[in-house]
Amino acid sequence: MSNEQKMTTQERDAQYAKVGKEFAADPNVPEALKLLTDDPRVTVRRGGAPVEGKCVVYWMQRSQRGRDNHALDKAIECGNALGLPVVAYFAGIRNFIHANARHYAFLNQGLPDIEEDCEERGVGFVMRKHPHQKLEPFLEDVGAVMVIGDENPMREPERWRVHMAQTLKVPYWTVDADVIVPSKLLEKAQFSAAVARPRLYRALEQFLVPYDNPKAEVAWKKRRDLHADDVRADMTVDWEDFDRSVPPVEAWKGGHHAGLKRLHHFCDMLLERYDHDRNHPEVDGSSKMSPYLHFGHLGPQTIALAVEAAAKKHPKLKAAKESYFNELIAWRELSVNFVRYQPEYDSPACADNWAKLTIAQHEKDEREVLYTRKQLENGETYDELWNAAQMQMVRYGWMHNYLRMYWAKKILEWTPNVATAMEYAIWLNDRYELDGRDPGGYAGVAWSMLGKFDRTWFDRPIFGKIRYMSGASTGKKFDSKAYIRQVQNLG
Ligand SMILES: Cc1cc2nc3c(=O)[nH]c(=O)nc-3n(C[C@H](O)[C@H](O)[C@H](O)COP(=O)(O)OP(=O)(O)OC[C@H]3O[C@@H](n4cnc5c(N)ncnc54)[C@H](O)[C@@H]3O)c2cc1C
């Protein structure tokens with residue numbers, strides 16, 4: 001591991017701040033380019049002046065969209081400042097951690113939208129899939145003068161970015177495009193939503209503003225012999241040792257355009273009752289934006305602006321907007337903060353001291369029943385509601401928020417210890433949820449099983465002082481029979 005990879009997030013932020021300062025003082029860098037880094041979303045990971053070449057490359061990883069994308073906007077601004085065209089590049093990696101056919105199908109559906117939206121802006125879009133996906137040959141092929149990337153706080157993606165900053169031969173900046181408030185501005189791990197919320201909300205005036213969506217002044221023209229794979233074909237089709245054990249879900253369609261359609265339906269039809277319906281798993285009442293956010297098909301800013309516009313038009317939606325912002329901004333960005341600053345986000349080591357103590361005190365408590373991972377996966381427990389929630393995830397690729405909490409807490413009750421409980425929950429969540437493998441999942445599991453961001457409750461067996469949810473009371477808070485029937489009808 002390199003020194004940068006061993007650093008804490010704060011140390012790395014400080015290191016990149018130094019790179020940024022050196023870049024700003026570099027007499028070889030055009031002033032117009034320097035001005036573009038005067039933006040808290042931008043991190044200069046590799047400085048210096050653009051090299052000789054033909055275009056600016058946007059290396060699209062997390063923000064998989066051709067509109068409302070700060071990283072793409074920045075690449076276009078760089079291209080315009082240098083009088084060069086821009087091409088967005090997406091690498092179809094075969095073995096993205098814990099991703100399977102379900103996730104790839106959703107991702108794949110988003111690619112034609114990116115191509116279409118980039119074209120409208122005079123930007124090229126090239127996808128190369130395994131075994132041709134490597135970035136460096138692409139940069140050579142198109143003559144990249146510099147690379148703009150996006151950000152992802154998760155461990156592996158950040159490691160790649162650190163590695164690329166060390167090995168690329170051209171300047172490399174990243175742009176924090178999938179949060180409303182640039183995540184480094186929170187500076188350290190936040191203790192709770194109550195602490196993070198006012199800091200985030202104070203910053204909204206500056207950051208919750210419409211996107212510019214600038215156009216490229218010099219249009220990119222694809223060379224006829226440049227290798228590019230078909231964005232409308234299934235990229236996984238000839239991958240041999242690829243995980244196809246979890247099938248795609250027909251009911252979902254990925255992509256920026258499908259995401260916008262659902263967003264508008266939510267704002268027009270569901271937002272008004274959101275505050276009430278969000279706790280009713282039997283009702284289609286939440287936004288279902290999480291898969292679109294996970295794949296970057298929509299940015300949170302687009303969603304928040306749409307909700308804000310709806311609330312401006314209909315003042316009676318004000319309370320619903322506030323409730324929605326609490327989830328989309330306070331809780332979601334707290335999750336990003338958690339993963340960014342807590343390297344052990346997927347293990348009991350991330351618990352606060354009070355939780356570590358109470359977990360240790362109850363580690364040996366007798367469990368009434370223990371289930372294997374296979375039994376949990378198949379929904380073979382004594383609890384009908386839990387089995388239905390599990391099957392919603394397995395068949396539909398998404399589980400209602402209210403039940404996710406209950407689902408995770410029951411796993412804690414039914415496994416020998418919290419480490420096993422977290423391991424099983426994360427494995428299932430990442431395998432089946434379309435929005436899995438996301439900061440929201442790690443924070444959600446830690447909240448449910450380690451009391452992360454929660455307060456202490458009365459001491460009780462197994463859970464200690466961590467909040468408990470009983471099946472009897474959970475099932476009474478909504479029409480659980482209707483919910484169970486709906487899941488059974490999913491086939
Ligand atoms: C055990 C557990 C596992 C979870 N796993 C995931 C996961 O893998 N991926 C994921 O994105 N979310 C996860 N969540 C958070 C939350 O359940 C989902 O984001 C939400 O249910 C998605 O549905 P929605 O888009 O209709 O949400 P809405 O209620 O419409 O909320 C809008 C958006 O706000 C954000 N949001 C809502 N609730 C939360 C929350 N509690 N924490 C963080 N952000 C939130 C999401 O981005 C969501 O899309 C998990 C929560 C728990 C308790």
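Indexing begins at 1, ligand by ligand and atom by atom, following the structure's order. Position 1 is the first residue of the sequence; numbering continues from there.
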| task | Report the relative orientation of the aromatic rings in Trp252 and Phe106; use parallel for angles under 30°, tilted for 30 to 60°, perpendicular for over 60°. | result | perpendicular
| salt bridge (charged side-chain N to carboxylate O under 4.0 Å, His left out) partners for Asp13, two or more places apart | Arg340
| note | Sorted by chain and residue number, the residues with a non-hydrogen atom under 4.0 Å of ligand 1 are Tyr274, Ser286, Ser287, Lys288, Met289, Ser290, Leu293, Tyr324, Glu327, Leu328, Trp331, Arg332, Ser335, Trp398, Asn401, Arg404, Met405, Ala408, Asn429, Asp435, Gly436, Asp438, Gly440, Gly441, Gly444, Val445, Ser448
| query | What pairs meet the salt bridge (Lys or Arg N to Asp or Glu O under 4.0 Å) rule with one or both residues in residues 352-363, with sequence neighbours excluded? | reply | Asp352-Lys452
| query | Is the shortest side-chain N to carboxylate O distance from Arg67 to Asp113 below 4.0 Å? | reply | no
| How would you list all residue pairs meeting salt bridge (Lys or Arg N to Asp or Glu O under 4.0 Å) that involve residues 319-334, not counting sequence neighbours? | Arg278-Glu327, Lys318-Glu322
| query | Once the angle between the rings of Trp239 and Tyr104 is folded into 0 to 90°, is it parallel (under 30°), tilted (30 to 60°) or perpendicular (over 60°)? | reply | perpendicular
